[in-house]
Amino acid sequence: MDSLVTPKLAPVEYETDVPVDYRAEGPVAWITMNRPRYHNAQNGQMTYAIDAALSRAAADDAIKVIVFGGAGKNFSAGHDIGTPGQDHHVGGERRTLWYDHTNKPGAEYNYAREQEIYLGLCRRWRDLPKPTIAMVQGACIAGGLMLAWVCDLIVASDDAFFQDPVVMMGIPGVEYFAHAYELPPRVAKEMLMLGNRMTAQRAYDLGMVNQVVPRDALAAEVRAMALRIAERPRLALALTKQAVNHVEDLAGKRSAMDAVFHMHHFAHAQNSLVDSGRVSIKAMAATNADAG
């Protein structure tokens, strides 16, 4: 959600060469974001490492189920908007057919980048044919919601919370806009307009989360769920996932997301014209810091 028109040219300082950990345990792949110092804020390095890990699990016939989580106190504090590893101005490999953004002027810079790294990759991950389980603890903020929402199931610790406060940046929610499909419409408006934290229990009561468990039991509960799912036939699992996703899309999920993505970029352009983006980015960073 970078709302600056001119790319930041400061050198990037990655704190790790391995921002995502991959571990196979029988039929289950455990994919873990590994930037705990920054609450697993998502920079380009991490996002493409997530894609590589999911691609690896998808290609491995021994893997039946994928568990996706984050190391440390928090699942993810959202998109990287201020760490030394913030790298939105860095080019590199692309996994969709969108062209490079780094040398593009004005609003095209953000539009091309976010078509690829946010909307495009999230849709790619949602369509992965193997079941995915988001294992969420602590903060799941803004871009963190996108990572959880693309998964088929969400298991949360009792101290987890969910939040999308980006309206304070002048933007109508994150790029993968699934709010009104994950939640009742009035609750989605509440989440966005107030920007309040939603507890794991409330998310469970509203159907956004499958289970809420004590923090110290989270990994064990997810492991048991993954192993049970892994007993089912591979093709049946893939077709079941396709069937439910298809019903969501028949209900307008994909076309609605396309429409809101364009509203999102109109908001980016407005921020650039009135020069409000820099101030609101500071506010957003303060909100993310509260997650620590």
query = Does Thr132 reach the main-chain N or O of Asp152 with its side chain, forming a donor-acceptor pair under 3.5 Å?
reply = yes

task = Examine Leu183 and Val212 and state if one hydrophobic cluster contains both, with Ile, Leu, Val, Met, Phe, Trp and Tyr joined whenever side-chain heavy atoms are less than 4.5 Å apart.
result = yes

key: Val166 and His79: CA distance, side-chain angles, deciding distance, side-chain contact (heavy atoms from CB on, under 4.5 Å) verdict   = CA-CA 11 Å; Val166 301; His79 296 147; over 6 Å; no

request  = Check the side chains of Glu116 and Thr96 for a donor-acceptor pair under 3.5 angstrom, ignoring hydrogens and angles.
outcome  = yes

query = Are Val65 and Leu227 close enough that some pair of their side-chain heavy atoms sits under 4.5 Å apart?
reply = no

ask   = More than 12 foreign heavy atoms under 6.0 Å from CZ of Arg37: is that the case here?
value = no

Shared hydrophobic cluster, Tyr38 / Ile141 (ILVMFWY, side-chain heavy atoms < 4.5 Å) = no

Hydrophobic cluster membership, Tyr181 vs Met198, 4.5 Å side-chain cutoff = no

Donor-acceptor contact below 3.5 Å, side chain Asp21 vs main chain Thr32 = no

ask   = Among side-chain atoms of Asn43 and Tyr14, is any donor-acceptor pair under 3.5 angstrom?
value = no

query = When rounded to the nearest 0.5 angstrom, what distance separates CD1 in Ile171 from CG in Leu192?
reply = 11.5 Å

key: Val150 side chain near Tyr176 side chain, heavy-atom distance below 4.5 Å   = yes

request  = State the CH2-CD1 distance between Trp30 and Ile63, to the nearest 0.5 angstrom.
outcome  = 11.5 Å

ask   = Where is the tightest heavy-atom contact between Ser157 and Leu218, given as atom of each residue plus distance?
value = N-CD1, 3.9 Å

ask   = With a 3.5 Å cut-off and no angle check, do the side chains of Tyr99 and Glu108 form a donor-acceptor pair?
value = yes

query = Under the criterion side chain to side chain donor-acceptor pair (under 3.5 Å), which of Glu114, Lys104, His88, His89 is the partner of Tyr109?
reply = His88

query = Going from NZ on Lys253 to CZ on Arg123, what distance comes out if it is rounded to the nearest 0.5 angstrom?
reply = 10.0 Å

task = Kindly say whether Gly195 contributes a backbone atom to a donor-acceptor pair with the side chain of Gln163 at under 3.5 angstrom?
result = yes

task = Scan residues 178-191 for pairs that pass salt bridge (charged side-chain N to carboxylate O under 4.0 Å, His left out), counting only residues two or more places apart or in two chains.
result = Glu190-Arg202

key: Within-4.5 Å side-chain heavy-atom neighbours: Ile133 and Ile229   = yes

ask   = For Asn34 and Pro36, which heavy atoms make the closest approach, and how far apart are they?
value = C-CD, 3.2 Å

task = Could you tell me whether the side chain of Asn110 and the main chain of His265 form a donor-acceptor pair under 3.5 Å?
result = no

message = With no hydrogens and no angle check, just 3.5 Å: does a side-chain donor-acceptor pair link Tyr111 and His262?
response = yes

request  = Step through the shown structure and confirm whether more than 12 heavy atoms of other residues, nucleotides or ligands are within 6.0 Å of CG on Leu97.
outcome  = no

message = With a 3.5 Å distance limit and no angle check, can you tell me whether Asn74 reaches the backbone of Ala77 through a side-chain donor-acceptor pair?
response = no

ask   = Going by heavy atoms in the side chains, are Arg126 and Glu248 under 4.5 Å from each other?
value = yes

key: Note, Ser76 side chain near Gln42 side chain (heavy atom, < 4.5 Å)   = yes

ask   = Can you tell me how far the CD atom of Gln45 sits from the CZ atom of Arg35, to the nearest 0.5 Å?
value = 7.0 Å

request  = Check the hydrophobic clustering (I, L, V, M, F, W, Y; side-chain heavy atoms under 4.5 Å; chains of links allowed) and say if Phe68 and Val20 are grouped together.
outcome  = yes

task = Determine whether Arg113 and Trp98 make a side-chain contact, defined as any pair of heavy atoms from C-beta on separated by less than 4.5 Å.
result = no

key: Pairwise side-chain contact, Met208 with Trp149, heavy-atom cut-off 4.5 Å (strictly under)   = yes

Chi angles and distances behind the side-chain contact (heavy atoms from CB on, under 4.5 Å) call for Val187, Met191 = CA-CA 6 Å; Val187 179; Met191 169 182 265; 5.6 Å; no

key: Main-chain N/O of Ala139 paired to Lys73 side chain as donor or acceptor, under 3.5 Å   = no

Neighbour count above 12 (heavy atom, 6.0 Å) for Tyr204 OH = no

message = How long is the straight-line distance from CG of Leu54 back to CD1 of Ile66, given to the nearest 0.5 Å?
response = 5.5 Å

key: Worked verdict on Arg94 versus Asp100 for side-chain contact (heavy atoms from CB on, under 4.5 Å)   = CA-CA 8 Å; Arg94 290 178 296 281; Asp100 182 33; 3.3 Å; yes

request  = Please examine the side chains of Phe161 and Thr199, heavy atoms only from C-beta on, and report whether any two atoms are closer than 4.5 Å.
outcome  = no

request  = Scan side-chain atoms only and decide if Arg95 and Thr47 contain a donor-acceptor pair under the 3.5 Å cut-off.
outcome  = no

message = Show, in sequence, the C-alpha distance, side-chain angles and deciding distance for Lys130 and Asp60, and conclude whether the salt bridge (Lys or Arg N to Asp or Glu O under 4.0 Å) test is met.
response = CA-CA 11 Å; Lys130 296 181 180 181; Asp60 186 347; 6.0 Å; no

Contact summary for Ala160 and Ala156, nearest pair of heavy atoms = CB-CB, 4.0 Å

ask   = With hydrophobic residues grouped by side-chain heavy-atom distances under 4.5 Å, do Ile154 and Val213 end up in a single group?
value = no

ask   = So which heavy atom on Leu153 is nearest to which on Asn210, and how close?
value = CA-OD1, 3.2 Å

key: Intermediate values then yes/no, side-chain contact (heavy atoms from CB on, under 4.5 Å), His264 and Phe177   = CA-CA 10 Å; His264 181 103; Phe177 192 89; over 6 Å; no

query = Shortest non-hydrogen contact from Phe75 to Gly69?
reply = CE1-CA, 3.9 Å

query = CG of Asp80 to CG of Asn40: how many Å apart, nearest 0.5 Å?
reply = 11.0 Å

task = Give the minimum heavy-atom separation between Cys140 and Ala148, together with the two atoms involved.
result = SG-CB, 4.2 Å

message = Treating Arg234 as the side-chain partner and Asp61 as the backbone partner, does any N or O pair qualify as donor plus acceptor under 3.5 Å?
response = yes

